[in-house]
Amino acid sequence: MSRSNQRWLLGAWLCFGGLLSSTAWADSQLNLTKGVTAVSREVYDLHMLVLYICTAIGVIVFGAMFWSMAFHRKSKGAKAADFHESTKVEILWTAIPIVILISMAVPATSTLIDMENNNNSEVTIQITGSQWKWHYKYFDQGIEYYSVLSTPREEYENQNGTFEGNGNAKGENYLLEVDKPLVIPANKKVRFLITSDDVIHSWWVPAFAVKQDANPGFINEAWTKVDVPGVYRGQCAELCGKDHGFMPVVVEVKSEQDYDAWLNEQHALIAQAADAEKASLDATMSKDELMQLGEATYMAHCAACHQPTGLGLPPTFPALKDSIVATQGSIAEHISLIENGKGMMPPFGKQLSLKEIAAVVTYERNAWGNDTGDLVQSSDVKAASGE
Amino acid sequence: MTTDTVNESLDDAHNDDHHDHKMTGIKRWLYTTNHKDIGTLYLWFSFIMLLTGGALAMVIRAELFQPGLQIVEPDFFNQLTTTHGLIMVFGAIMPAFTGFANWMLPMMIGAPDMALPRMNNWSFWILPFAFAILIGSFFMESGAPNFGWTFYAPLSTTYSNGSTAFFVFAVHIMGISSIMGAINIVVTIMNLRAPGMTYMKMPLFVWTFFITAYLLIAVMPVLAGVVTMLLTDTYFGTSFFDAAGGGDPVMFQHIFWFFGHPEVYIMILPAFGIVSTIIPAFARKKLFGYSSMVYATASIALLSFIVWAHHMFTTGMPLFGELFFMYCTMLIAVPTGVKVFNWVATMWRGSMTFEMPMMFSIAFVILFTIGGFSGLMLALTPVDFQYHDTYFVVAHFHYVLVTGSLFSIYAGAYYWLPKWTGHMYSERLANWHFWCSLISVNLLFFPMHFLGLAGMPRRIPDYALQFADFNKWVSIGGFAFGLSQLIFLAVVIKCIKGGEKAPAKPWDGAEGLEWTVASPAPYHTFSTPPALEEDKA
């Protein structure tokens with residue numbers, strides 16, 4: 001290497017060393033998580049095994065390269081040797097890698113067989129992905145609900161200021177928090193049946209080493225058995241459109257007792273909601289009440305596509321401001337569109353209460369200068385969907 | 001060799017008198033059927049595409065510089081990642097290799113030109129239109145394709161933003177161009193080798209392009225098929241990939257990756273060829289294990305057809321399928337390992353010097369091998385469940401495609417620039433280019449391993465706070481790497497305009513027929529086939 005090359009190399013190392021010693025790395029996670037299940041620990045061990053083997057091979061191969069770069073250089077008077085073939089050596093470095101590969105394939109196979117054994121589960125939960133939320137349905141319990149990102153829009157749109165490296169203006173679990181997490185019991189084999197309502201999603205919780213695609217029209221299986229109660233966070237792992245980065249997975253693992261208590265609580269809540277639904281049929285809400293509830297509902301369920309401004313993102317997501325549906329069309333058609341969906345728009349009939357649909361229709365017909373003056377009540381929604 | 005040179009110069013004199021129909025101005029480039037002109041066109045085109053795709057990547061990295069949505073909307077972010085991938089794969093890397101094939105293959109096998117010169121012209125000139133359509137869709141109402149370069153259905157059909165038709169049309173044109181280019185390479189190599197150059201005497205460079213061309217002919221029609229199915233699903237009511245009509249969205253992925261996996265070897269085998277040419281030249285020692293290199297290349301090509309579903313371990317394959325594709329994928333490490341060991345054995349006890357082509361080749365061997373290691377890790381199905389669709393994968397394929405393919409392209413460009421331009425490149429500028437690229441590319445891609453392991457999914461416009469530190473450094477590395485490529489532009493322009501006069505063979509250890517002709521290479525070479533030296537292997 002010429003003197004100029006040496007100077008370059010020195011500069012390069014100085015830059016690199018400076019970066020590595022930077023204090024910014026202090027609290028970043030560098031390695032795969034060990035997780036909280038037997039499978040995730042097996043996966044972690046396998047990961048470390050391969051990492052060590054690769055590192056060792058790297059040290060040997062790169063070592064040999066750097067050795068010859070240092071000592072077999074023309075500037076040191078090295079004369080080129082003449083060898084350029086050796087069947088023995090070629091066979092040797094074909095055979096050794098095969099042996100190494102087999103030593104990795106054996107543990108990988110046994111871990112994989114464990115992962116794919118979906119038998120003898122104690123709890124079964126259906127997970128349905130849709131743009132851009134998860135739906136959880138507990139078999140034999142009558143419990144089902146949607147789980148939606150709860151990080152406020154102001155945070156990811158930097159309305160409270162940008163991120164300055166100190167966590168200001170963003171919450172602790174920024175983008176990894178939901179309104180209603182999936183709740184599962186600890187120490188029980190929980191089976192997941194995973195599917196999708198629209199495009200392909202992928203349900204992933206690193207701490208469980210479970211990542212399974214949600215394919216529309218097909219059902220995939222996965223399972224987990226968690227040792228440690230706690231809250232575990234993951235994300236959708238398959239590109240699913242605009243808000244792919246905004247559909248986290250949060251799982252709350254509860255002890256058996258806490259889980260049973262949670263189930264009872266859910267059953268009570270379902271009964272309450274049914275009563276409230278009935279009561280709302282007779283109630284008449286004021287415009288203020290409707291607009292307030294409507295705005296909240298709109299921001300939670302509609303704003304991702306139609307935007308808080310009602311301007312949408314044409315041509316994919318149409319505007320509601322001054323739109324025919326929200327200003328000239330009949331109220332019944334407006335309600336039906338929200339309940340049943342159309343094209344890319346998913347149906348919201350099962351997701352929203354009568355009161356919420358009434359409120360959101362009212363909101364859409366009066367917000368952003370749509371000013372139709374229409375007021376819609378729960379009973380109107382019931383009547384429209386009864387047709 | 002002396003006889004060759006004499007023959008050649010007689011030849012040139014002859015050509016200059018009677019056969020040089022070189023037109024001037026734009027017509028020369030539009031109508032040209034000369035392999036060197038077309039090679040130049042391909043190389044410039046791919047460099048422009050590299051800068052275009054790179055500019056898109058700069059916007060991506062700017063958005064990801066810190067948490068929160070700063071610069072672009074999520075939907076536009078998806079358009080950026082999609083077109084960045086498509087442009088880099090089909091616009092930068094593949095045409096660059098076709099450029100090398102055009103320039104070097106005829107000169108290496110002692111042929112006067114490519115076998116099918118008019119088709120050669122056409123296969124280049126449809127490419128700019130394909131990319132005009134693709135990039136043009138940014139300015140249409142629908143926006144550019146936003147469903148990822150892998151365009152999984154039904155995101156690219158029922159749920160697309162309306163860009164599907166233009167996207168499919170552009171891909172069809174790129175495919176036609178690639179197929180024509182590949183046919184030309186196969187026909188040229190099979191028919192126009194100098195007398196005495198048997199297959200096992202061809203330079204390894206020629207072998208890798210020969211095998212790559214077969215891969216292209218085999219899989220580009222599959223790509224054409226799958227985009228056509230996509231088109232009819234979107235606009236003509238078929239249901240290939242729609243369960244509601246009896247189709248299957250996972251079938252899309254099977255067909256796509258049956259094309260996609262050989263495609264990634266299409267982008268790396270020629271790189272092997274370039275590096276296998278350069279390392280012996282600067283180690284002043286013959287390539288170790290020539291025939292095992294040929295067999296290793298062929299086995300990698302064959303294996304590439306039976307590993308496609310390792311991209312799909314999380315789609316819900318049966319256990320048997322997962323095991324089969326895991327084992328086959330792991331097997332690829334064997335011939336790839338043989339190649340790396342052979343390169344190291346070539347350097348071992350050589351007499352090495354470190355000119356720019358060698359520097360890039362050494363960087364290639366080390367960094368490509370790092371990409372190979374992460375590839376081996378990804379092959380293991382149980383662990384792939386954790387790595388899949390995270391930044392670990394992004395790190396992996398950028399190590400093999402940027403520090404692999406792209407670095408080999410730079411190595412080749414520095415190696416043959418004296419032959420192409422007749423001038424030596426500026427060693428000082430080239431050093432700047434190399435060291436800036438080397439440092440920034442590792443700052444750009446190495447931390448992505450950590451991000452992926454820590455759980456950051458790919459293709460997201462915003463991320464959780466624990467990923468903030470690494471993303472900042474990655475972005476800084478990205479901007480630095482992008483800017484460093486402008487230094488290469490300066491090197492090339494300076495080298496074309498002037499510089500130290502290059503002799504016919506500027507590298508004393510170089511072998512091959514291309515060094516027997518003058519620098520710059522005359523417009524027509526080997527109008528009569530050269531005589532091969534007896535001892536040339």
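Numbers restart at 1 for each chain; the letters A, B, ... are given by sequence-line order, proteins then strands.
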Would you confirm whether B/Lys286, through its side chain, and A/Asp82, through its main-chain N or O, come within 3.5 Å as a donor-acceptor pair?
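It does not hold such a pair.
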In terms of heavy-atom proximity below 4.5 Å to chain B, should [X] be classed as side chain, backbone, both, or neither?
X: A/Tyr174; value: both
X: A/Ile219; value: neither
X: A/Phe208; value: neither
X: A/Tyr156; value: both
X: A/Glu85; value: both
X: A/Leu32; value: both
X: A/Glu238; value: both
X: A/Leu51; value: both
X: A/Thr151; value: neither

Decide whether a cation-pi geometry holds between B/Lys285 and A/Phe83; the criteria are a distance under 6.0 Å from NZ or CZ to the six-membered ring centre and an angle within 45° of the ring axis.
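Output yes; distance and angle both within limits.
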Contact winner vs chain A - [options], heavy-atom pairs under 4.5 Å:
options: B/Asp384, B/Asp248, B/Leu451, B/Ile370; result: B/Asp248
options: B/Pro382, B/Pro457, B/Pro74; result: B/Pro382
options: B/Leu319, B/Asp75, B/Leu438, B/Asn161; result: B/Leu319
options: B/Ser351, B/Ala345, B/Ala243; result: B/Ser351
options: B/Glu322, B/Glu141, B/Glu73, B/Met456; result: B/Glu322
options: B/Thr353, B/Ile366, B/Thr157, B/Thr346; result: B/Ile366

I want to check something: taking the side chain as every heavy atom from C-beta on, are [X] and [Y] in contact at a cut-off of under 4.5 Å?
X: B/Phe341; Y: A/Val61; result: yes
X: A/Thr109; Y: B/Met326; result: yes
X: B/Tyr159; Y: A/Cys240; result: no
X: B/Pro154; Y: A/Asp198; result: no
X: B/Thr390; Y: A/Gln235; result: no
X: B/Met347; Y: A/His72; result: no
X: A/Ile200; Y: B/Gln253; result: yes

Set out, in order, the CA-CA distance, both residues' side-chain angles and the distance that settles side-chain contact (heavy atoms from CB on, under 4.5 Å) for A/Trp204 and B/Gln386, then state yes or no.
CA-CA 8 Å; A/Trp204 179 33; B/Gln386 292 283 45; 3.1 Å; yes
Would you give the length of the straight line joining atom [atom1] of [X] to atom [atom2] of [Y], rounded to the nearest 0.5 angstrom?
X: A/Leu239; Y: B/Arg459; atom1: CG; atom2: CZ; result: 5.5 Å
X: B/Arg349; Y: A/Trp67; atom1: CZ; atom2: CH2; result: 13.0 Å
X: B/Gln66; Y: A/Asn158; atom1: CD; atom2: CG; result: 7.0 Å
X: B/Trp343; Y: A/Met65; atom1: CH2; atom2: CE; result: 10.0 Å
X: A/Thr94; Y: B/Tyr295; atom1: OG1; atom2: OH; result: 13.0 Å
X: A/Glu155; Y: B/Leu69; atom1: CD; atom2: CG; result: 12.0 Å

Please give me the minimum heavy-atom distance between [X] and [Y], naming the atom from each residue.
X: A/Ala108; Y: B/Leu380; value: CB-CD2, 3.9 Å
X: A/Leu112; Y: B/Phe385; value: CD1-CE1, 4.0 Å
X: A/Ala105; Y: B/Tyr327; value: CB-CE2, 4.0 Å

B/Ser292 and A/Glu90 side chains, donor-acceptor separation under 3.5 Å
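A/Glu90 vs B/Ser292: donor-acceptor pair found between side chains.
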Assess, by modelled atom type and distance only, whether the side chains of B/Thr314 and A/Asp213 contain a donor and an acceptor separated by less than 3.5 Å.
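Side-chain D/A pair, B/Thr314 to A/Asp213: present.
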Please confirm whether B/Phe288 and A/Trp93 have ring centers closer than 6.0 angstrom.
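That pair passes the under 6.0 Å test.
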Using a strict 4.0 Å threshold on nitrogen-to-oxygen distance, state whether B/Asp508 and A/Lys74 make a salt bridge.
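The answer is yes: the pair qualifies as a salt bridge.
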Looking at chain B, which one of A/Cys54, A/Gly241, A/Gly217, A/Gly245 has the largest number of heavy-atom pairs inside 4.5 Å, strictly under?
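Looking at each option in turn, the highest pair count goes to A/Cys54.
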Counting only heavy atoms closer than 4.5 Å, note whether B/Asn78 contacts chain A via side chain, backbone, both or neither.
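Side chain of B/Asn78 only, per the 4.5 Å heavy-atom cut-off to chain A.
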Decide yes or no on side-chain contact (heavy atoms from CB on, under 4.5 Å) for A/Phe218 and B/Val250, but give the supporting numbers first.
CA-CA 9 Å; A/Phe218 293 85; B/Val250 176; 5.8 Å; no
